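Data first, discussion second: the structure below is written as structure tokens.
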Amino acid sequence: MFSIIRSLWLTFLHMFHKRVTIEYPEEKAPLPPRWRGRIILSRDPDGMERCVGCYLCAAACPVDCIALQATEDENGRRYPEFFRINFSRCIFCGYCEDACPTYAIQLIPDFEMGEYDRQNLVYEKEDLLIAGQGKYHGYNYYREAGVDVGVKGKGEGENEDKPVDVRTLMP
Amino acid sequence: MKVKITIDDKIYEVDQETNLLEACLSLEMDLPYFCWHPELGSVAACRQCAIIKYKDDDDEKGKLVMACLEPVKEGMRISLQAPQAHDFRAHNIEALMINHPHDCPVCDEGGECHLQDMTVMTGHNYRRYRFNKRTHTNQYLGPFINHEMNRCIQCYRCTRFYNDYAGGKDFDVFASHDSVYFGRHEPGILENEFSGNLVEVCPTGVFTDKTFKKHFTRKWDLSNGPSICHNCSLGCNIIAGERYGSLRRIRSRYNGDVNGYFICDRGRFGYEYVNSENRICIPLKIENGESSPMPREQAVREISEITSGAKKLIGIGSPKASLESNFLLRQWVGSENFYAGIPANEGKLIRQVIKILKKGTVRTPSLSEVKGYDAVFILGEDVTNTAPMLALYLRQAAKNQPGEVAKDLKIPDWNDAATRVVVQNATGSVYIATFHATKLDEIATQSYYAHPDNIARLAYEVMAEIEGNFKDETKVEAMDNANQPLSSSIAKAMLAAKKPLIVAGTSLYSEAIVQSAAAVANALKEKGKDPGLVYVVPEVNSIGLSMLSEQFLEDAFDKTDSADATIILENDLYQRKDKSSIDAFLKYQKNIISLHYLENTTTHQANYVLPVGTFAEADGTVVSNEGRAQRFYKAHQPDNDIRSSWEWIQEIMMDKWGSASFDEIVSSMVREFPELERVQDAAPSAEFREETQKIPRETHRYSGRTAEDADKNVSEPKPPEDRNSALSYTMEGFTGVPPSAITPFYWTPGWNSVQAINKYQIEVGGELLGGNPGIRLFEPKETTDLDFSDHIPLQFSPKQDEYCGLPLYHIYGSDELSAQSPAVKERVPEAYIALNDDDALKNDIREDDMIEVSVNGEKKRFAVKLHKGISPGILGLPKGLTETAGTEFPFTATIKLISHE
Ligand code: SF4
Ligand code: SF4
Ligand code: SF4
Ligand code: SF4
Ligand code: FES
């Protein structure tokens, strides 16, 4: 008996608390930048696609909802020929972002993806690729890697010596 | 012999002939290594396999040694886990990684990289070294191999394989200390026929498959079929990997009896025709030259209507098709109307070979056993081009005699470094008799170039030398001993050897060569030797097809009048015989039904074309040159109408075969052909389950299942079911080591690279768990009633102005299908005609001149190549190139100079 009255009283008091619910969608919820929502593919500081088609995100995905195919441009730079995420399966766990060695794939604070037709939840590269760097600025994988794919020549990277001259007689 | 040793205070039984690394790996222990390879032996270059070896039971400190260079000794005590050993290994990897680029995400080795695996195994996971990395430039190495030298860890496996094992000449190690460089003296095509094995031998991503790079997929994303290479008669075991409906790559599938760890470049890179634009994917109906696609049901209905009421059908089988497809075609048309789709001269020769395999007394070794012979006599065969992997193993056989010296010095087999110091480049007795210079000549004690008849005469002389004289005096006259002293030195070498090996084949269409090879082998056997006899035949299932039929193309051509329909199975007849005779045959056929993979001249003549699976989309059994029946499985189930030929025939003959499973078809075949009985045991049946589960074709890490087809339909389709085998088209199922014949990939925890094979073998480098796959159909008999010296041919002497045309084989080009793969196509030579220097001089012909060759009135023009060693009176014409397809050998021709270059 007493506990029922107490509950009623507490509930009554809530009428005078500051309101937590907001008038969504008129009012938007403030989301922290690391909120795990809609997935995007970002670009590097040079404006090129960051994704190198390494398939690590696809392998990390627990529901297997990422499918892609790697291809190469005339310089041998690898990028995805297609990149598909089936958001009707995605559980927004962020494992793909954790797995990505290039900061290409990122989860952003946006969850407004509702669709009447489930088929529309299948996003292709055009739908995923944004114009900027997303959350992580400054990183350019091809500047760190050893391969020469038209970004920097062999030995021109930061922690790299000039290529070895195999014909030299010097020790 | 097994001995007891103590490892980390536990007692184990290990093989005495091995080193400690092999012993530990055979015990399933995870000891990291790089430079040691089960087939290449130990050199202790990488310093990764360090362990502690104790002097005796009281020794507390022990000594750090390299396990791969330390022989097993009874009672020895070692430790893998001792902190000093463990730290040494961790630091060693750290040192190896100092210069390693930040490449894994774009490195094709990633995910199946031995360096990654070993790094994880030793626990080195954070870079401490803050200074610069040394870098290297890369080289263009041709259409097969990609080079990324930065990734090298200086293990020397590549040069040990390429130069020492495969006999390559255009590769080496350059520079010194931490700048050593593995590559060519200048950028250019890697010439060796086995260069593709660098992809698997190199433990890092320095050498990767360039064809795979173009449609790259990680190992974990492939759907794999345990398969058999269809590019020559040796039947090497391969893994065919598919993704998104296209075939992505071929890898070697270990079979300790057949190909071992390796395959040739034709086998590895000749797969791309499977993804060709000319691929037939839906049934076609061709009317008045117009071809129109038609739904499967309708095609099946129309074809059954035509054939069910037919009075007579003709069925033309194929040595490229499986036993099952050929057999069902034979059941469809009736045995009397089934013809092996090869010319009679080839077919009869293959039947001779089968007879010798069946009734002879000499053992035909399995491919890998060839390594154990110590003297070789090759008759007529250009092995490097007709049976590439055999050439690789003959090269190893040639090392056995000089290797004896190492044995006397008590150097164990696996100690490659020491053995090589002793052996240097010496080779044992290898005699080669061919009609032109061949690549294996470089290891030959002596080569002899002559017409096939003279090659056979040489062999008979050798036989006579071995026997002391001819048993049958009447035959002595036929011989003139023209080849002394060569014949007696060959005979002496064969008799001096422990295990002499005779290699011959059907490539020159010479019965005399086939017979004389058996005659020599038999003579050796009667002298109490333990000889081997290997025959090379033209195609993957030549033996199987010729066991099903003794009627050949010409027999079909002879009686064409009354057939209502002609069914041509996986065969482009224009590759088999000259255009005019095929045209003449096809012209009178009312209904031609062609089952094929690619559009070709034959399918263009057909009324109906059914799309059938290549080795990658079909199930079946093929019989290799040694008579080994081997099963191959689909890598995936295509989502179009492509299916195995036998599945099409089954559908057309619904009432009779409709419900039969693959295994039931095999049983009916075996009932009809008791000789094939053991084909049933070639692989586990479709009912086979491992712990009640099927064997998955996909790895447990297969990705993208809920997205790969989502563009078409967001609801995932049910995966196709495989009712014909114990394999499934999914990633679910048994995860351990499956039976060897149905192993779709190698993977065990911690071992993502091919090196996981260690865990699939009973002992590393040995037999697979449960035995090596494949069933030998023939074993030698105690006695034989065959007479091999019936037809000693007459001496061939060149005629004035008349030439004998013989085939020249090219590893890239002579096989019609692999030659249509873009990478291989780059290596296919332009058509040419090869001539002897003297013959050329006589006709005032120089290199590259254009000449006209007339064969039976048909004239063709070719540029001339002066071919080293080609014998006088002989023209060599490349076999199977687009310009020479359908040429029948041997031919008689005249030549005329058209223009000087
Ligand atoms: S992990 Fe990153 S770089 Fe790799 S495929 Fe995914 S998005 Fe691209
Ligand atoms: S060789 Fe191995 S460790 Fe090196 S980049 Fe390639 S995958 Fe990574
Ligand atoms: S290229 Fe590969 S096989 Fe050759 S030494 Fe370097 S890591 Fe070893
Ligand atoms: S040797 Fe023959 S069977 Fe073996 S891989 Fe090469 S082509 Fe294929
Ligand atoms: S494997 Fe033993 S030193 Fe390389």
Side-chain angles (χ1 to χ4, degrees), chain A residues 52-61 63-72 76-78 81-90 100-102 117-124 141-142 144-149 153-169 171, chain B residues 99-108 110-111 127 129-138 146 148-151 173-183 185 213-221 243-244 246 699 701-716 731:
Chain A
V52 299
C54 72
Y55 298 98
L56 289 180
C57 50
C61 178
V63 292
D64 287 343
C65 73
I66 303 179
L68 68 144
Q69 174 59 52
T71 188
E72 281 173 8
R77 181 188 174 113
R78 206 163 254 183
E81 186 178 357
F82 75 83
F83 198 110
R84 184 179 308 128
I85 301 182
N86 179 354
F87 280 111
S88 78
R89 288 285 188 192
C90 178
C100 182
T102 68
D117 184 358
R118 202 179 142 208
Q119 186 66 45
N120 294 339
L121 285 168
V122 178
Y123 281 39
E124 298 291 337
Y141 170 76
Y142 281 119
E144 313 293 325
V147 287
D148 171 7
V149 293
K154 282 271 141 103
E156 289 172 9
E158 250 170 55
N159 284 308
E160 285 183 353
D161 284 332
K162 288 268 151 284
V164 164
D165 175 6
V166 292
R167 295 204 155 72
T168 179
L169 293 175
Chain B
N99 292 318
H100 204 72
H102 190 58
D103 273 1
C104 296
V106 289
C107 176
D108 291 1
R127 186 177 171 83
Y129 184 80
R130 291 175 293 111
F131 306 100
N132 282 359
K133 295 180 181 182
R134 69 105 174 83
T135 63
H136 282 295
T137 48
N138 303 325
N146 191 65
E148 189 59 54
M149 227 347 255
N150 279 348
R151 300 171 187 157
V173 41
F174 302 92
S176 57
H177 54 93
D178 70 338
S179 333
V180 283
Y181 188 90
F182 297 83
H185 64 294
K213 196 171 191 289
K214 295 204 178 101
H215 43 215
F216 182 66
T217 305
R218 295 268 174 227
K219 176 185 182 178
W220 62 69
D221 280 341
R243 176 79 176 175
Y244 301 142
S246 72
T699 68
R701 284 199 199 126
Y702 188 87
S703 79
R705 275 197 302 177
T706 64
E708 53 184 331
D709 297 314
D711 54 332
K712 285 167 230 121
N713 186 352
V714 70
S715 318
E716 295 92 47
M731 61 198 268

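These numbers were taken from a predicted model, which means no experiment stands behind them. Throughout, protein chains are lettered first and strands after them, A, B, ... in sequence-line order, and every chain is numbered starting at 1.
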Residue [X] versus chain A: region with a heavy atom under 4.5 Å:
X        : answer
B/Asn713 : both
B/His177 : side chain
B/Asn150 : side chain
B/Arg151 : side chain
B/Glu148 : side chain

For the interface with chain A, which of [options] has the highest count of heavy-atom pairs at distances below 4.5 Å?
options                      : value
B/Ser176, B/Ala175, B/Pro101 : B/Ala175
B/Val180, B/Asn138, B/Asp108 : B/Asp108
B/Thr135, B/Asp221, B/Asp103 : B/Thr135
B/Met149, B/Arg134, B/Arg705 : B/Arg705

Residue part contacting chain B, namely of [X], when any heavy atom lies under 4.5 Å:
X        : value
A/Phe82  : side chain
A/Arg89  : side chain
A/Cys61  : neither
A/Glu160 : both
A/Val122 : side chain
A/Glu81  : neither
A/Arg78  : side chain

Do [X] side-chain atoms and [Y] backbone N/O form a donor-acceptor pair below 3.5 Å?
X        : Y        : result
B/Glu708 : A/Ile66  : no
B/Tyr181 : A/Arg167 : no
B/Arg218 : A/Cys54  : yes
A/Gln69  : B/Phe216 : yes
B/Tyr244 : A/Leu68  : yes
B/Thr706 : A/Val63  : yes

Side-chain heavy-atom pair A/Tyr123, A/Cys90 within 4.5 angstrom cut-off:
no
Check whether any side-chain heavy atom of B/Phe174 sits under 4.5 Å from a side-chain heavy atom of B/His185, and report yes or no.
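In contact.
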Compute both the distance and the angle, then confirm whether B/Arg243 meets the cation-pi test with B/Tyr702: under 6.0 Å from the six-membered ring centre, within 45 degrees of the axis.
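Judged by the rule (NZ or CZ under 6.0 Å from the ring centre, within 45° of its axis), B/Arg243 counts as positioned above B/Tyr702.
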Find the one option among [options] whose heavy-atom pairs under 4.5 Å with chain B are most numerous.
options                                : result
A/Thr71, A/Asn86, A/Asp161             : A/Asp161
A/Gly76, A/Ser88, A/Cys100, A/Ala58    : A/Ala58
A/Ala70, A/Ala59, A/Gly53              : A/Ala59
A/Gly153, A/Ala145, A/Pro101, A/Gly157 : A/Ala145

Between A/Tyr55 and B/Trp220, what is the shortest heavy-atom contact and its length?
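It is O-CZ2, 3.6 Å.
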Taking all non-hydrogen atoms of both residues into account, name the closest pair between A/Tyr141 and B/Cys104 and its distance.
OH-N, 4.3 Å
Report the residue from B/Arg701, B/Met731, B/Glu716 that forms a side-chain contact (heavy atoms from CB on, under 4.5 Å) with A/Asp64.
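Exactly one option meets the side-chain contact (heavy atoms from CB on, under 4.5 Å) with A/Asp64, and it is B/Met731.
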